[in-house]
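In what follows, a single structure is set out as structure tokens and then discussed.
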Amino acid sequence: MKSTLYYSTRDKQKLYQFSEIALKGLADDGGLFVPVKIPTVTPENLERWEALPFIELAFEVMRLYIDEGDIPDSALKNICQQTYGSGKFPLDNPAPIRKTTDNIQVLELFHGPTLAFKDFALQFLGNLFE
């Protein structure tokens with residue numbers, strides 16, 4: 001497995017592992033961390049993911065950005081379960097898509113504990129720190 005590395009938006013020379021950036025938050029230079037390479041999602045991935053429950057999909061997407069050396073599969077699956085399956089998000093699917101018209105669908109990102117989109121990332125981050 002290739003290592004997923006990150007750099008600061010203000011300095012592309014120094015590279016970091018996920019475990020480092022999770023603890024830092026912002027880079028020392030005030031920049032944001034971004035992956036050196038955006039993972040490729042294939043049509044086969046999308047087809048397989050389409051049938052997954054939300055928690056398993058969350059694991060699959062997070063795994064693209066977090067190396068198993070930083071967080072083993074079992075621990076990452078547990079974090080996803082604690083985050084999205086612990087009752088903090090009241091639905092089996094915490095981010096349902098609602099069809100409003102034939103051409104418009106809306107992704108609902110307000111089913112978390114604070115009723116805000118930020119819950120999807122920050123609940124995960126809180127469980128990650130534990």
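What you see is a predicted model, and the numbers here were worked out from it, not measured in a lab. The figures that follow rest on heavy atoms only: side chains count, while hydrogens, waters and symmetry mates do not.
Residues Leu5 and Tyr16 fail the side-chain proximity criterion, which asks for heavy atoms closer than 4.5 Å. Between Met62 and Leu76, some side-chain heavy-atom pair lies under the 4.5 Å cut-off. A heavy-atom distance below 4.5 Å is found between the side chains of Gln123 and Phe89. Looking at heavy atoms from C-beta onward, Phe59 lies out of side-chain contact with Ile79 at the 4.5 angstrom threshold. Phe33 places none of its side-chain heavy atoms less than 4.5 Å from the side chain of Tyr7. Using a 4.5 Å heavy-atom threshold, the side chains of Leu64 and Val41 count as touching. Contact annotation: the side chain of Asp73 approaches that of Glu68 to within less than 4.5 Å [non-hydrogen atoms, C-beta and beyond]. Counting only heavy atoms from C-beta outward, the side chains of Gln105 and Arg98 never approach each other to under 4.5 Å.
Taking hydrophobic clusters as Ile, Leu, Val, Met, Phe, Trp and Tyr residues chained together by side-chain heavy-atom distances below 4.5 Å, Val106 does not share a cluster with Leu109. Both Leu23 and Tyr65 belong to a single network of hydrophobic side chains, linked directly or stepwise wherever heavy atoms of I, L, V, M, F, W or Y lie under 4.5 Å apart. Criterion: ILVMFWY side-chain heavy atoms under 4.5 Å apart, direct or through other members. Under it, Phe110 and Ile104 are not part of a common hydrophobic cluster. Phe54 and Leu125 fall within the same hydrophobic cluster, where Ile, Leu, Val, Met, Phe, Trp and Tyr residues are linked whenever their side-chain heavy atoms come under 4.5 Å apart, directly or through other members.
Within a 6.0 Å radius of CG in Asp92, no more than 12 heavy atoms belonging to other residues, nucleotides or ligands are found. Few gaps surround NZ on Lys24; more than 12 heavy atoms of other groups in view lie less than 6.0 Å from it. Other residues, nucleotides and ligands place no more than 12 heavy atoms under 6.0 Å from the CZ atom of Phe117.
Within the 3.5 Å criterion, the main-chain N or O of Ala75 finds no donor-acceptor partner in the side chain of Asn78. The main-chain N or O of Gly31 is found under 3.5 Å from a side-chain atom of Asp29 such that the two form a donor-acceptor pair.
Counting only N and O atoms by type, the side chains of Asp11 and Ser8 include no donor and acceptor under 3.5 Å apart.
Going from atom CD of Glu50 over to atom CG of Leu57 covers 10.5 Å, rounded to the nearest 0.5 Å.
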